[in-house]
Each structure stands twice: as C-alpha cells, then as structure tokens.
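In what follows, a single structure is set out as structure tokens and then discussed.
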Amino acid sequence: MIDETVASRTAALVGRLAFLDWGSGNAAIRIYGGTRAASCADVPGSAMLVQIELTKPCGGVSGGVLSLTQLADGLIAVTGIATWARVVNGGGATAFDCDAGEGVGAWEIQLVQATLYAGGSARIVSAVLG
C-alpha cells in the first residue's frame, strides 16, 4: 500500500473522472450479484442486475475523494442481491470493479436496497472512491 498526499490522490482521481466522462454517452454503474470477477478485464460470471446511468460530468473530486452522481434510478432487469459493481465510461469501456451493498459497510457503492427485484428500480445512496 502506498502513502500519498491528498494533492496527489486528488490529481489521480481527477484523471479517473476524465476517463469516466470520456465518450458520447454517460458513464454507468452496472450492479451484479454473486462473486466478483477476478479481474475487471474478465467477463462477469453472473447476469447484470441493473445499470444505473451517471450524470455528465459524472461527479466531482474534493479533498482526495471522488463522488459519483446518478442521473436517474435504474430499472432492475434481474432479481438478485447486489454484491459488486462494474463502472464503465461514456464509451462503454470498463474503468474499474468495486464492492456494492446496502447500509454501512466496506463497499464503494452504497445502494438504498441490496435485494433487487426485476421490474423495480435501484438507487444509489453514495458512490465514493478515495
């Protein structure tokens, strides 16, 4: 693990934000259940439960923390329990994978509800990297 200054971390996160906003579309958070893929280059081993589109720009960086903001609730396609997320940029390219869940926990993507039912909607409480 590296130890870096807030200024260095902020600069790195500004670059990540620029990558997420690249492309003609909006960045999105794709929520999955089950075991997270071993690498963000791997195809997920489970169906995507829901995709939540982000605003453009998709968030902001302050004090060494990147906060993402959703555009609208996502329509849940598949019933399941959210455990992880894949974040893609406006061109559909994978940026990173992270944990997702409900309530206070060690996940980067916090949802209103982790148990998702097809036909319902999903909302993000917070999506923070730092």
Side-chain angles (χ1 to χ4, degrees):
M1 185 162 125
I2 66 168
D3 182 28
E4 67 180 330
T5 65
V6 171
S8 174
R9 186 170 50 251
T10 297
L13 291 171
V14 167
R16 183 168 287 159
L17 182 65
F19 178 76
L20 288 171
D21 282 330
W22 181 86
S24 60
N26 288 34
I29 298 173
R30 297 175 177 168
I31 305 292
Y32 295 87
T35 303
R36 187 160 115 182
S39 162
C40 62
D42 293 339
V43 174
S46 60
M48 180 175 59
L49 305 176
V50 62
Q51 177 170 300
I52 300 171
E53 191 173 357
L54 300 176
T55 58
K56 194 160 191 164
C58 65
V61 178
S62 178
V65 175
L66 168 61
S67 298
L68 300 175
T69 53
Q70 76 175 48
L71 180 63
D73 291 355
L75 178 62
I76 301 166
V78 176
T79 297
I81 298 173
T83 56
W84 67 282
R86 175 161 287 172
V87 180
V88 298
N89 73 9
T94 298
F96 57 89
D97 291 347
C98 61
D99 293 330
E102 173 185 346
V104 177
W107 31 77
E108 292 78 15
I109 308 294
Q110 182 184 4
L111 300 166
V112 169
Q113 185 172 321
T115 302
L116 305 175
Y117 297 99
S121 62
R123 176 175 295 189
I124 295 170
V125 173
S126 69
V128 178
L129 304 170

Taking C-beta and beyond as the side chain, do [X] and [Y] meet within less than 4.5 Å on heavy atoms?
{"X": "Val88", "Y": "Thr94", "value": "yes"}
{"X": "Leu68", "Y": "Ile124", "value": "no"}
{"X": "Thr83", "Y": "Arg36", "value": "no"}

Transitive ILVMFWY side-chain link [X] to [Y], under 4.5 Å:
{"X": "Ile52", "Y": "Phe96", "result": "yes"}
{"X": "Val87", "Y": "Ile31", "result": "yes"}
{"X": "Ile76", "Y": "Val78", "result": "yes"}
{"X": "Leu116", "Y": "Tyr32", "result": "no"}
{"X": "Trp107", "Y": "Leu49", "result": "no"}

Checklist entry - From Gln113 CD over to Glu102 CD, what is the distance, rounded to the nearest 0.5 angstrom? => result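 Between atom CD of Gln113 and atom CD of Glu102 there are 6.0 Å.
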Next on the checklist: Rounded to the nearest 0.5 Å, what separates atom CG in Leu17 from atom CG in Asn89?
Outcome noted: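 The CG atom of Leu17 sits 11.5 Å away from the CG atom of Asn89.
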To check you understand the geometry: which heavy-atom pair defines the closest contact between [X] and [Y], and what is its length?
{"X": "Ile109", "Y": "Ala127", "result": "CD1-CB, 3.5 Å"}
{"X": "Arg86", "Y": "Ser39", "result": "NH2-O, 3.5 Å"}
{"X": "Gly34", "Y": "Trp84", "result": "O-CD1, 3.6 Å"}
{"X": "Ile29", "Y": "Ala85", "result": "CG2-CB, 3.8 Å"}
{"X": "Asp97", "Y": "Cys40", "result": "OD2-CA, 3.3 Å"}
{"X": "Ala82", "Y": "Leu111", "result": "CB-CD1, 3.5 Å"}

Checklist entry - Counting distance only, does the side-chain N/O of Ser46 pair as donor-acceptor with the main-chain N or O of Gly33 below 3.5 Å? => result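 The answer is yes, because a donor-acceptor pair under 3.5 Å joins these two groups.
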Checklist entry - Does Ser67 reach the main-chain N or O of Gly59 with its side chain, forming a donor-acceptor pair under 3.5 Å? => result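 A pair under 3.5 Å: no.
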Checklist entry - Under the side-chain contact (heavy atoms from CB on, under 4.5 Å) criterion, do Leu54 and Leu71 qualify, and how do the steps go? => result CA-CA 5 Å; Leu54 300 176; Leu71 180 63; 5.9 Å; no
Item to check | Ionic contact status for Arg123 with Asp73, cut-off 4.0 Å | outcome: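 So Asp73 pairs with Arg123 through a salt bridge.
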